[in-house]
Structures are given as structure tokens and as C-alpha cells.
Amino acid sequence: MPELPETHTIASILDQNIKGLKILKVAVAKNYKALPQTDTFIKTVAGKKIKSAKRVAKNILIELENGNHVLFHLAMTGRLLLWKNEPINERGVRVILYLEGSSLLTFSDVRMFGKAAVLSHRQVQKLEHSYGPDPFNEKLTGRDLIKMFAGRKTGVKNVLLDQKIIAGLGNIYANEALFLAGINPKTKASLINEKQAEKLCESIRRVLEEGIKFGGSTLEDKMYVDPYRKEGKYQEHFKIYSQNKCPRCGENVVFLKMSGRGTYFCPNCQPEQQ
DNA sequence: ATGTTTGTTCCGAT
DNA sequence: CATCGGAACAAACA
């Protein structure tokens with residue numbers, strides 16, 4: 001579910017609200033496997049103080065005082081929620097971190113595509129190196145994109161979803177960025193020219209910034225909410241994803257599947273290119 | 001009942 | 001060997 005803006009929102013709320021708190025107790029549902037192993041996870045995390053929370057690609061990393069990190073990847077249906085003196089009213093809770101001040105952090109994941117893991121400092125470094133540049137933290141340019149697109153014969157949208165190329169883009173924001181850049185998602189990545197690459201780079205940053213500004217996207221299933229249950233509002237600003245008419249020219253939006261993912265584009269504003 | 005879904009990984013084919 | 005595309009993971013919902 002969450003892409004960069006949603007993950008960013010969660011990480012920053014956690015950083016602001018649970019930094020400095022001690023994790024008093026850890027509980028893992030007995031049908032669930034925390035990584036590398038549930039007992040290791042519990043032993044390593046329990047009793048430690050939280051130093052910070054941050055985002056790496058679409059992962060949320062909670063740094064502990066001993067240099068280890070708790071990693072949560074939310075995949076499609078994962079949620080991180082904060083609770084205070086109230087019954088836990090949530091399906092699919094897999095991990096509970098009991099915090100100082102009688103508050104809790106739950107990790108729930110109905111479909112279990114996500115993960116909960118404890119990582120050493122070294123493993124966090126390895127994780128960070130396994131991803132392409134973050135669109136915000138690096139000086140990513142159109143020229144860099146061209147380099148990454150070289151030799152890729154598949155559609156540019158497929159390449160944008162490759163986390164080793166750019167970390168954090170998902171299906172919704174990839175669709176939106178391509179619309180903003182006026183590039184057809186099926187365009188072979190290697191055919192993107194310098195001007196288009198610059199525009200795409202700018203568009204990626206723009207849609208992600210807007211996504212963050214509006215607190216991410218909450219779709220009809222209401223799957224994504226922030227740790228305080230607040231829904232995102234960016235879905236009200238989608239220009240192409242799940243739309244019927246192009247907001248720019250009124251043309252019917254084309255829907256098709258690319259590598260199994262829903263792909264939306266305006267045939268007029270994002271013309272085919274060969 | 002069937003098709004859809006914000007993510008990632010694995011595998012066989014190219 | 002790098003890349004590509006489909007399947008799989010599993011559940012809710014329309």
C-alpha cells in the first residue's frame with residue numbers, strides 16, 4: 001500500500017512522538033514470524049530506548065539505543081498505529097511494542113506481504129545500499145535517469161517501479177509522475193531523451209512532494225491511515241490514477257496493465273513514442 | 001464467482 | 001549475465 005509519501009508520513013509522526021521512549025515489552029502473534037526469528041526479535045528489541053524513526057525507500061526504520069533497528073515494511077496492507085489506554089480495535093495485528101507512558105505501537109498486516117525485522121547497524125547499511133537514489137536525498141538529475149534507463153527495453157513505467165533505479169516510487173505516484181511529464185508509460189525507457197528525463201525528474205519530485213503535503217493517499221478501502229488514524233487527502237488530487245477523463249484535455253483516460261499493474265494515461269497528453 | 005488491489009521476490013524464458 | 005514478465009504470497013471487497 002504505502003509508497004514514499006505514506007511511509008514518510010508515518011516515519012515522521014513516529015519520530016516526533018515516540019523518540020526517547022523505552023520499549024518495555026514486545027509481543028508477536030504466535031502465527032507470525034518476525035525476522036530473523038521471533039525470539040531473537042523479542043530479545044533484541046525489548047528493554048531498548050528508541051533513538052529515532054526514519055524512512056529508507058518504503059521501509060520504516062526505528063533506531064534503538066544499541067545501534068540495532070526495527071524494520072517494518074508495510075507492503076500492501078501493513079499499518080503502524082499508536083494506541084493509548086484503549087482497546088486495540090484492529091484486524092491482523094502481528095507485533096505490539098509496549099512503550100513507556102502506557103502507549104503501544106501495533107504493526108498489523110492482514111495479507112502478510114509486509115515484514116517486521118530487527119537489523120544490525122551493518123544490515124541497515126546494506127539495506128540502504130541495495131536501493132537506487134532517493135528522489136529527495138540525492139542530487140538526482142535527468143542525466144542520471146538516462147543512465148539508469150540505458151539498455152532497458154521495457155516501458156519506462158516498469159523501470160520507475162524498480163526500487164534499484166529510484167527508491168520509493170510506487171504504482172500510483174509513477175502513473176502521476178508520467179502524466180505530469182507528458183510521457184507515455186509504455187515508452188521504452190532507453191528512448192527517453194534528455195529533455196523528457198529532466199521533466200520526469202522534476203515531475204517525480206513534484207508528485208511526491210504533493211503526496212507528502214496532503215498526507216499521502218487513502219483509497220476507498222481506507223487501508224492507509226497514519227499512526228493516529230488520519231486519512232491522506234492526495235487521492236483528491238489524482239490527475240490520472242483511477243480517473244476517467246484527462247483533467248488537461250478531457251480525453252478518455254486509457255487503462256491497461258503493465259506487468260500486472262494498473263496503468264492510466266491520456267493518449268493525447270502522453271502520446272505514444274517510438 | 002470473478003476480478004481487482006498502493007509491494008516484493010522468485011523463477012523460467014529471452 | 002542482465003533483463004523481462006508472470007506467478008506467487010493472501011485477504012477483503014465490489
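Below, all heavy atoms of this structure are taken into account, side chains as well, without hydrogens, waters or symmetry copies.
Residues A:Val110 and A:Ser259 each lie close to DNA chain C; by heavy-atom proximity, the contact nearer the 5' end of the strand is made by A:Ser259. Projected onto DNA chain C by closest heavy-atom contact, A:Glu220 and A:Gly155 fall at different nucleotides, the more 5' of which corresponds to A:Gly155.
The side chain of A:Asn171 sits closest to B:dG7 out of C:dC4, B:dG7, B:dT5. Nearest to the side-chain atoms of A:Arg152 among the listed nucleotides C:dA12, C:dT3, B:dT6 stands C:dT3.
In this pair, A:Phe255 and A:Tyr264 present their aromatic rings tilted. The plane angle is within the 30 to 60° band.
Under a cut-off of 6.0 angstrom, the local environment of CZ in A:Arg229 is crowded, with over 12 non-hydrogen atoms contributed by other residues, nucleotides or ligands. Other residues, nucleotides and ligands contribute only 12 or fewer heavy atoms inside 6.0 Å of the NE2 atom of A:His121. By the 6.0 Å contact criterion, NZ on A:Lys153 is open, its count of non-hydrogen atoms from other residues, nucleotides or ligands being 12 or less. More than 12 non-hydrogen atoms from other residues, nucleotides or ligands lie less than 6.0 angstrom from CG of A:Asn31. Annotation for A:Glu236: atom CD counts as buried by contact number, over 12 foreign heavy atoms lying within 6.0 Å. Other residues, nucleotides and ligands contribute more than 12 heavy atoms inside 6.0 Å of the CD atom of A:Glu86.
Counting to the nearest Å, the P atom of C:dA12 and the CG atom of A:Asp221 are 12 Å from each other. Nucleotide B:dT6 holds its C1' atom 13 Å from the CG atom of A:Asp109, rounded to whole Å. The nearest whole Å value for the distance from the OH atom in A:Tyr224 to the C1' atom in C:dC13 is 22 Å. Computed from coordinates, the A:Met258 CE to C:dG5 P distance equals 8 Å when rounded to whole Å.
With centroids closer than 5.5 Å and planes inclined by less than 30 degrees as the test, A:Phe113 and the base of C:dC9 pass as a stacked pair.
For the pair A:Tyr241 and B:dT6, the criterion of a side-chain N or O lying under 4.0 Å from OP1 or OP2 is met. The side chain of A:Thr154 contributes an N or O atom lying less than 4.0 Å from OP1 or OP2 of C:dG5. The side chain of A:Lys153 places no N or O atom within less than 4.0 Å of a non-bridging phosphate oxygen (OP1 or OP2) of C:dC4. Taking 4.0 angstrom as the limit, A:His73 places a side-chain polar atom (N or O) nearer than this to OP1 or OP2 of B:dT8. A:Arg261 has no side-chain polar atom (N or O) that falls below the 4.0 Å cut-off from OP1 or OP2 of B:dT5. A sub-4.0 Å separation between OP1 or OP2 of B:dT6 and a side-chain N or O of A:Arg79 is absent.
At the heavy-atom level, A:Phe255 lies under 4.0 Å from the strands shown only through sugar-phosphate atoms.
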Would you write out the dot-bracket form of DNA chain B, 5' to 3', with Watson-Crick and G-U pairs under 3.5 Å, [ ] for crossing pairs, | for pairs to other strands and . for unpaired bases? .||||.||||||||
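Side-chain atoms of A:Glu209 never come within 3.5 Å of backbone atoms of A:Arg206 as a donor-acceptor pair (strictly under, hydrogens ignored).
Atom CG in A:Leu4 sits 3.5 Å away from atom CZ in A:Arg55 (nearest 0.5 Å).
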Under a 4.0 Å heavy-atom criterion, the protein footprint on nucleotides 9-14 of chain B, written with B, S and -, is ------
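Ring centroid separation for the pair A:Tyr234 and A:Tyr224 does not come in under the 6.0 Å cut-off.
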Could you go through the salt bridge (Lys or Arg N to Asp or Glu O under 4.0 Å) check for A:Glu128 and A:Lys54 one step at a time? CA-CA 12 Å; A:Glu128 285 171 335; A:Lys54 65 170 178 177; 3.0 Å; yes
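For residues 156-168 of chain A, proximity to DNA chain C is found at A:Asn158, defined as any non-hydrogen atom under 4.0 angstrom from a strand atom.
The closest side-chain heavy-atom distance from A:Thr154 to A:Lys188 is not below 4.5 Å.
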